Amino acid sequence: EMIREVGRDWVTYGDPPHKFEAGTPAIVESIGLGAAIDYVNSIGKERIASVTQVLVAQGILADHRGTDPFYAQRGSAVHEGIRLGLLGRLDRSTLQPELAGYVDRALYLVEQLEIEAKVIEQPLYDRVYHVAGTPDLAGYSAKFGQAVAFDWKTGDDPPGYEVQLLGGYAPLLEYAAESGQIGLDK
């Protein structure tokens, strides 16, 4: 139904909607997702440490679990605003005025560094070291000609922040790229 006739140098397509091929189903990806879910369930989700948990346990990063909920909610709202902005779906009228500066600065930085986003708030998992994390943004900077990663903060950078970003997310992103979870090469 997609193609009506085929000649040596020509083709006549069928009528819509039949002429639009739906494409190949994501069979391999579905199998991979099932295997990943089985693996995580086999070792137990509670045994998978986040990058932050590992660094807090090592005394490298401060434990912020007791942070005032106001600041945690503010951080979540800013992250969502940035995520929507990166995807081109931010409705600025819904953005609280006190949060707009954070979102605007992050989007300006992405623009100035000419970043092609590859990962936006995507959970990643390293099967070798059993750690997980969710970098806020990872991609390729045309300005610097290399991969970059960001973890947005709505306050001062906590002590050990650079270690969290470089020592935690960098290897996690490398593993994710090597294992095909994401593509960070240009």
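Along the sequence shown, the residues carry numbers beginning at 1. This is a predicted model, so every value here is computed, not measured.
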_From CA spacing to verdict: side-chain contact (heavy atoms from CB on, under 4.5 Å), Arg4, Asp15_ = CA-CA 9 Å; Arg4 185 174 297 137; Asp15 295 325; 3.0 Å; yes
*At what distance, to the nearest 0.5 angstrom, does CG of Leu109 lie from CD1 of Ile115?*
5.5 Å
*asked:* How long is the straight-line distance from CG of Leu99 back to CD of Glu80, given to the nearest 0.5 Å?
replied: 12.0 Å
*Is Leu87 linked to Leu90 within one hydrophobic cluster, defined over Ile, Leu, Val, Met, Phe, Trp and Tyr using a side-chain heavy-atom separation of less than 4.5 Å?*
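Result: yes, single cluster for both.
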*Output the rest of the hydrophobic cluster of Ile37: all Ile, Leu, Val, Met, Phe, Trp and Tyr residues reachable through side-chain heavy-atom contacts under 4.5 Å, sorted by chain and number.*
Leu33
*Closest non-hydrogen atom pair between Arg89 and Arg83, with its separation*: NH2-NH1, 3.9 Å
*Close side-chain approach of Thr12 and Ile3, heavy atoms under 4.5 Å*: no
Could you list the residues that satisfy side chain to side chain donor-acceptor pair (under 3.5 Å) with [X], not counting sequence neighbours?
| X | answer |
| --- | --- |
| Ser93 | Asp91 |
| Glu114 | none |
| Asn41 | none |

*Take Phe144 and Leu113 through the test side-chain contact (heavy atoms from CB on, under 4.5 Å) and record every step on the way to the result.*
CA-CA 7 Å; Phe144 292 122; Leu113 297 181; 3.3 Å; yes
*Which residue pairs pass the salt bridge (Lys or Arg N to Asp or Glu O under 4.0 Å) test when at least one of the two sits in residues 99-110, sequence neighbours left out?*
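Salt bridge (Lys or Arg N to Asp or Glu O under 4.0 Å) check on residues 99-110 returns Arg92-Asp104.
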_Run the side chain to side chain contact (heavy atoms under 4.5 Å, CB included) test against Leu86 and tell me which residues pass, sequence neighbours left out._
Ile82, Leu107, Val110, Ile120, Leu137
